[in-house]
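Everything on this sheet refers to the single structure shown next.
In the text below, chain A, chain B and the rest are named by the order of the sequence lines, each starting its count at 1. Small disclaimer: the values here were computed from a predicted structure and weren't measured.
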Amino acid sequence: MKKLVVLLFVIMSIMSVFGGKIEEIQKRGVLLVGQDPAYAPFYGVNTKGERIGYEVELAKMMAEVLGVKVKFVITNWDGIIPALLADKFDFILAGMTITPERALKVNFTIPYYETGQIIFYNSEKYPDGITKEDLEKMEKKAKIAVQLGTTGEFTAKKLFPKAQILTFETVDAAAYQIITKKADVLIFDELYYGSISKKYPAIKTTKNLLNKENLGIAIKKENIDLLLWLNTFIECKKTDGTLEQLKQKWMVDYDWSE
Amino acid sequence: MIGVNRLKKNYIQKIIAYIVLIFILSSFYIEMSKNYPFNWQRVPFKYMNLYIDGFFMTLKISLLSILFALIIGIIFGVMKTSKYQILKEFANTYTTVFRNIPLLVIILIIYYGVGSMIEINAMIGAIVSLSLFEGAYISEIIRGGIEAVDKGQIEAAKTIGLNTFYIYVDILLPQAFRTTLPALTGQFISLVKDSSLASVIALQELTMVGRQIATSSFASFESYITVAIFYFTITALLQVLGKYFERRYAIL
């Protein structure tokens with residue numbers, strides 16, 4: 001009998017360490033999701049001010065299963081991991097690439113989206129296109145626009161260490177540099193092409209990705225239960241084709257942006 | 001007769017100035033639209049209610065910060081003119097610290113640093129940072145205003161038996177307020193503009209709303225120009241208000 005009590009106590013204390021987060025969310029009644037202001041087509045606002053996008057829908061599906069409401073906590077991109085560590089929200093679902101460096105601070109789920117960095121260029125300036133090799137040959141003369149803190153910045157620094165890297169707070173500002181020909185190329189996520197080419201038909205991308213990246217949900221280290229649940233959730237949505245449907249809806253023809 | 005002529009001349013100069021300004025702005029716009037396809041249909045009208053929310057948020061944090069900055073400024077400004085060295089030192093340290101750190105860094109420290117000890121939301125973080133930062137400048141302005149009052153007045157007030165509190169409230173501060181009004185108006189205007197830095201802690205104020213809409217609608221310049229017009233509305237109003245008070249409290 002005594003042993004049973006001890007055993008129960010041990011299980012309870014393990015539960016309170018590893019089983020706390022989901023319970024906490026359900027008790028609170030709100031799932032708090034960390035995102036930055038906008039990153040179409042993953043997330044953004046529509047004309048009514050409601051948040052829309054691929055990841056917004058994904059978060060709503062999660063909340064439905066958990067039986068809670070969903071609330072998006074907006075934080076700037078460069079402060080998003082510190083904000084997670086400060087418990088401002090439950091997890092980051094914001095197009096975050098899984099990297100070993102980031103994984104030292106947070107835990108990542110299995111990937112829910114596969115993408116990669118690509119070179120954007122102005123076809124008025126480079127009618128024949130510009131490749132990775134061209135940029136390497138240009139060395140110090142190459143001007144590469146990137147967004148602060150993104151994997152585009154990391155990739156540019158790694159692949160073109162001698163080039164001039166122009167860092168901007170938003171990707172729109174970085175993209176504008178290649179429109180005005182102040183920079184030669186922009187290095188950014190491949191799927192940004194869908195929105196930017198709609199606005200500036202002159203912008204083209206290279207054929208090959210510079211690297212491949214997986215996007216995952218970032219969770220605070222101690223919330224193991226949430227991590228396991230999210231993994232299961234992604235696995236199921238992958239298998240039943242929901243993720244593919246979402247991709248078709250948001251990433252392909254950009255009808256929603258009208 | 002001469003007066004009318006001068007009036008006419010002034011108007012002609014004014015009109016010429018505005019024509020030149022409009023010409024410069026429109027040529028800038030045309031030059032820019034060669035590279036950038038302006039599409040005013042998308043932004044701002046479709047997103048107007050969002051901009052208005054952001055506008056009121058900016059107005060709210062600006063007005064509250066102006067109020068607190070003024071209170072802080074008066075307290076520390078008075079402390080600086082005090083005869084007690086300890087009060088002076090406190091006030092001077094405060095001014096030195098907050099005038100020598102950029103507002104952006106203050107906001108980040110208060111929101112992430114202090115915010116990790118006690119729970120503060122973005123709005124309170126922004127108001128506290130803005131009030132402390134601008135309060136440091138205002139305290140210097142107030143000090144200048146108080147010191148500009150003729151020493152003879154203080155002596156006269158002492159002679160008729162007023163204590164320090166009444167000397168400040170009835171004699172020094174009203175006069176300081178009048179002489180420092182133009183400088184204060186300028187400080188309030190820069191406070192409104194500085195409030196845009198609160199967007200780094202994701203407060204849903206004008207700049208933040210503008211950035212959000214720029215990225216969602218793929219119309220960045222339209223969005224930022226709209227934001228600029230909204231800020232201009234607030235600061236222009238403040239300027240008019242400042243001018244009104246200046247005229248009202250002017251020494252005739």
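Ranked by heavy-atom pairs under 4.5 Å with chain B, the first of A:G49, A:A86, A:P37, A:A175 is A:P37.
For the atom pair B:R211 CZ and A:D172 CG, the distance stands at 10.0 Å (nearest 0.5 Å). If you take CD1 on B:I201 and CD1 on A:I74, they are separated by 14.0 Å, rounding to the nearest 0.5 Å. Atoms OH and OH, on A:Y176 and B:Y36 in that order, are 8.0 Å from each other to the nearest 0.5 Å. Annotation: the span from A:I179 atom CD1 to B:M32 atom CE amounts to 11.0 Å, rounded to 0.5 Å.
Closest approach of A:N46 and B:L50 over heavy atoms only: O-CD1, 3.9 Å. Across all their heavy atoms, B:Q212 and A:A38 have their closest contact at O-CB, 3.6 Å. Residues A:N76 and B:A202 share a closest heavy-atom pair of N-CB, 4.3 Å.
Few gaps surround NZ on A:K221; more than 12 heavy atoms of other groups in view lie less than 6.0 Å from it. Surrounding CG of B:L25 are more than 12 heavy atoms belonging to other residues, nucleotides or ligands, all under 6.0 Å away. Within a 6.0 Å sphere centred on OH of B:Y29, heavy atoms belonging to other residues, nucleotides or ligands number more than 12. The neighbour count for A:K125 NZ, taken as heavy atoms of other residues, nucleotides or ligands under 6.0 Å away, is above 12.
No donor-acceptor distance shorter than 3.5 angstrom exists from the side chain of B:S216 to the backbone of A:G44, with no hydrogens or angles considered.
In this structure, the portion of B:Y112 lying under 4.5 Å from any heavy atom of chain A is its side chain and not its backbone. If you measure heavy-atom distances from A:K181 to chain B, you find no contacts under 4.5 Å at all. For B:A219, the parts lying near chain A are the backbone and the side chain together; criterion is any non-hydrogen pair under 4.5 Å. At a 4.5 Å heavy-atom cutoff, the contact between A:Y39 and chain B is made by backbone atoms alone. Proximity to chain B is limited to the side chain of A:T170, based on heavy atoms less than 4.5 angstrom apart.
With B:F38 as the aromatic partner, A:K199 does not meet the cation-pi criteria of under 6.0 angstrom to the ring centre and within 45 degrees of the ring axis.
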